[in-house]
Amino acid sequence: MHDFRYVGKKLYCEGVAIDSLVRKFGTPLYVYSQRTLTRHFQRLDGALAPVKHLVCFAMKSNSNQSVLRTLANLGSGFDIVSGGELQRVIAAGGDPRKCVFAGVGKSEAEIEFALRRGVYSFNAESEPELQRINRVAARLNKVAPVAVRVNPDVEAHTHAKITTGTYENKFGVTFEQVEGVYARASRLKHLRLRGVQMHIGSQITQVTPFEQAVRKVLPLAERLKARYGIEFFSIGGGLGIVYQPALASGAADWWQRAAARGVLTPERYAQRLVPLLQPLGLRILIEPGRFISGNAGILVARVEYVKRTGQKNFIIVDAAMNDLIRPAFYDAYHEIVPVTRRGGALLSSDVVGPVCESGDYFCKDRPLPKVAEGDCLALLSAGAYGFVMASNYNTRSLAAEVMVHGRQAAVVRERQPVKDIWAGERLAPWLK
Ligand SMILES: *Cc1c(COP(=O)(O)O)cnc(C)c1O
């Protein structure tokens, strides 16, 4: 559920008309709803209330300072994947003691920084990494809290680029090897075995893969608790959201209707998993990214041209794959709606950007309302893996980001000035 809806002919975010934001801040423009972020966090946090738990927002999905501050204020922890993310979340007021550090390639410098800042756990993905963490901790005369990411080898039934929990992937330690890894790690003096972790993939829309993975790892978690006194079990993130129909999912009674249709809701997730997890007596961590931020953001683009060729109708907009790469990268679907509704017949259209790549499209052959030059379109469900994956390809500036709170709106990242794109570049001295 989210806070983007039509009031009359105009698309609103909470109490603010999107066209007013376009007039003030231009396009391409990311718009985030603080209320949606808050509700999604609280919904999940509330559903897990029967177990001792911590929600660690996967900040790689959306790391804007205002998004992080919103969640930090709600008590959220954070799942971080780089030293840069740790610096960023500290800058936003997040608590390092509620941060878990994931990722297969942590550098010495990153490990040292995270140790000094006192992260809750390093979620290690290999034995060489554990040895490295131990070495760095020894040098700093510290004890590093660690968990090992176990790969439960379950099929998450999601897109190949976002499946992580099978043996085809680079992630984690295999189920067969993991106990040996813990046994050897327990002999490293500067490690404290604090937990066990798993994450099977992203945009998972059924409870069953989560349940299968939890059931598979549960006996392991029990043994690790008995043997090493671990205190947490992180069941990862990956809760899917509804991309289609996205707008309808903003309705007040949406969760109820969704639950009736079998859509993954926080309650359904908790209902199936909490009874399994409760007897374990461990603190449960979850690391949702998309579930919290996905439907809390949109990307607004302006129509530059409408171009008809043979049988095709191309709507060329001023946002491109450098602003939102998901359709090109994951074949992702984003619902596209006009910022001002006009009515009339639908026309099969491709919405494309100005970048010189055939992959630079947002949809193909989709029935859309007729639009004209200067109209604006909103790409919905763009709050996760949207701006954070933006690039300067084609020397295009990073878009501006706006946050809405009730009737207030504020720029939470200014549009990047074009000259900043090459500000760090230098002419080689022999070219001067
Ligand atoms: C990406 C990631 C997440 C978050 O995934 P979502 O699908 O956005 O919930 C959680 N944990 C780990 C280890 C990840 O790599």
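Note that the structure is predicted; figures quoted are calculated from it, not measured. All values below were derived from every heavy atom in this structure, side-chain atoms included, with hydrogens, water molecules and symmetry-related copies excluded.
- A salt bridge does not link Arg283 to Glu231: none of the charged side-chain nitrogens sits closer than 4.0 Å to a carboxylate oxygen.
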query: Please walk me through it: do Gln197 and Glu287 pass side chain to side chain donor-acceptor pair (under 3.5 Å)?
result: CA-CA 10 Å; Gln197 197 264 353; Glu287 305 157 359; 3.0 Å; yes
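- In summary, the aromatic rings of Tyr269 and Phe210 are positioned with their centroids under 6.0 Å apart.
- The backbone N or O of Phe291 sits less than 3.5 Å from a side-chain atom of His40, completing a donor-acceptor pair.
- Scanning both residues, Gly386 and Leu324, for their nearest heavy atoms gives CA-CD1, 3.7 Å.
- A distance-only check finds no donor-acceptor pair linking the side chain of Arg192 to the backbone of Val146 [under 3.5 Å].
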Practice item. Before giving the answer on side chain to side chain donor-acceptor pair (under 3.5 Å), spell out for Arg326 and His334 the whole-Å C-alpha distance, their side-chain angles and the decisive distance to 0.1 Å. Key: CA-CA 9 Å; Arg326 298 190 65 259; His334 285 273; 2.8 Å; yes
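- Here the closest heavy-atom approach between residue Asn134 and residue His190 is recorded as OD1-N, 2.8 Å.
- Between Tyr120 and Phe232, the ring planes are tilted. Angles from 30° to 60° get that label.
- Residues Tyr243 and Gln203 bring no donor and acceptor atom of their side chains to less than 3.5 Å of each other.
- Across all their heavy atoms, Pro96 and Leu86 have their closest contact at CB-CD1, 4.4 Å.
- For the residue pair Asn123 and His199, no side-chain donor N or O sits within less than 3.5 Å of a side-chain acceptor on the partner.
- Using a 4.0 Å cut-off between charged side-chain N and carboxylate O, Glu125 and Lys170 make no salt bridge.
- Looking only at distances, no side-chain donor or acceptor of Ser63 sits under 3.5 Å from a matching main-chain atom of Lys60.
- Ile200 approaches Pro152 most closely through the heavy-atom pair CG2-CG, 3.5 Å.
- Nearest heavy-atom pair across Arg132 and Ser107 is NH1-CA, 3.6 Å.
- Electrostatic pairing of Arg39 and Asp3 counts as a salt bridge here, judged by a charged N lying under 4.0 Å from a carboxylate O.
- Judged by distance alone, with hydrogens and angles left aside, the side-chain atoms of His405 form no donor-acceptor pair with the main-chain N or O of Gln34 at under 3.5 Å.
- Side chains of Asn62 and Ser293: no donor on one and acceptor on the other come within 3.5 Å.
- Under a cutoff of 6.0 Å and an axis angle of 45°, Arg366 and Tyr333 form a cation-pi pair.
- Residues Gly93 and Ala72 share a closest heavy-atom pair of O-CB, 4.0 Å.
- Judged purely by distance below 3.5 Å, without hydrogens or angles, the side chains of Ser202 and Arg290 pair a donor atom with an acceptor atom.
- Of the charged side-chain nitrogens involved, at least one lies within less than 4.0 Å of a carboxylate oxygen, so that Asp375 and Arg342 count as a salt-bridged pair.
- A cation-pi arrangement is found for Lys364 relative to Tyr361, the charged atom lying closer than 6.0 Å to the ring centre and inside a 45° cone about the ring normal.
- Both the sub-6.0 Å distance and the 45° axial angle are satisfied by Lys216 relative to the ring of Phe175.
- In this structure, Asp360 contributes its side chain and Met321 its backbone to a donor-acceptor pair below 3.5 Å.
- With a 6.0 Å cutoff to the six-membered ring centre and a 45° limit on the axis angle, Arg413 does not count as a cation-pi contact of Phe387.
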Intermediate values then yes/no, side chain to side chain donor-acceptor pair (under 3.5 Å), Asn392 and Gln416 = CA-CA 10 Å; Asn392 287 128; Gln416 183 183 34; 2.8 Å; yes
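- Summarising the geometry, atom CZ belonging to Phe233 is positioned 8.5 Å from atom CG belonging to Leu282; distances are rounded to the nearest 0.5 Å.
- Under the 4.0 Å criterion applied to side-chain N and carboxylate O atoms, Glu129 and Lys106 are assigned as salt-bridge partners.
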